[in-house]
Student: 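My questions all concern the structure below.
A quick note: this is a predicted structure, and the numbers were derived from the prediction, not measured. In what follows, residues are counted from 1 in the order of the sequence shown.
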Amino acid sequence: MTVKKGVSERRFPHESVVDALERSLRNAKSLRAENAAVVAAARILAARIDSVCETGFIDENGKLDNVSVPTFLKYCQSLGLTVDVPAKVGRPAKPKAEAKQEKPKSDKVVQMADFMKRFG
């Protein structure tokens, strides 16, 4: 008995980051020669991600590589390969509280502060 693949598995098969990037580049309509440097850097990052993925994102020096993936995504974004507005997840952020203005000090407080400065 064969299992029928879903639509998402046909459109987005499991593949390496390098292969996925190349497919995205083939399908991108807005890329020009001026994007060549960014494309080259994205290819290098994709290869790095594939290599460190096999080691649990530990690089050749034994350190966690937590920079390559976010940098790669920034490059993809600059090339127009990602969605500009991410989907909203969770609750909306609370509005920030406005800065409170200080109350003017009463005359007695000011007089006491002056007294403490002189004799304090």
Student: Side-chain contact, heavy-atom cut-off 4.5 Å: Thr55 with Glu60?
Tutor: no

Student: Is there a side-chain contact between Leu25 and Leu31 (heavy atoms, below 4.5 Å)?
Tutor: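 Side-chain contact under 4.5 Å: yes.
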
Student: When you compare the side chain of Ser68 with that of Asp65, does any pair of heavy atoms fall below 4.5 Å?
Tutor: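 Asp65 reaches Ser68 side chain to side chain.
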
Student: Excluding sequence neighbours, so at least two apart, what forms side chain to side chain contact (heavy atoms under 4.5 Å, CB included) with Ala46?
Tutor: Val17, Val18, Leu21, Phe72

Student: Taking all atoms of both residues into account, what is the closest heavy-atom pair of Ile58 and Leu64, and its distance?
Tutor: CD1-CA, 4.0 Å

Student: Do Tyr75 and Leu81 pass the side chain to side chain contact (heavy atoms under 4.5 Å, CB included) test, and can you show the C-alpha distance, the side-chain angles, and the key distance before you say yes or no?
Tutor: CA-CA 9 Å; Tyr75 279 50; Leu81 302 177; over 6 Å; no

Student: So, the side chain of Asn61 versus the backbone of Lys63: is there a donor-acceptor pair under 3.5 Å, distance only?
Tutor: no

Student: Donor-acceptor pairs under 3.5 angstrom involving side-chain atoms of residues 32-45: please list them, not counting sequence neighbours.
Tutor:
from, atom 1, to, atom 2, distance (Å)
Asn35, OD1, Arg32, N, 2.9
Arg43, NE, Glu22, OE2, 2.6
Arg43, NH2, Glu22, OE1, 3.2

Student: Measuring from Thr82:OG1 to Lys74:NZ, what's the distance to the nearest 0.5 Å?
Tutor: 9.5 Å

Student: Report the residues that fulfil side chain to side chain donor-acceptor pair (under 3.5 Å) with Ser24, sequence neighbours left out, ordered by chain and then residue number.
Tutor: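 Partners of Ser24 under the side chain to side chain donor-acceptor pair (under 3.5 Å) test: none.
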
Student: Within a radius of less than 6.0 Å around CG of Asn27, do more than 12 heavy atoms belonging to other residues, nucleotides or ligands occur?
Tutor: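 Enclosed.
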
Student: Working to the nearest 0.5 angstrom, can you tell me the gap between Phe115 CZ and Lys108 NZ?
Tutor: 15.5 Å

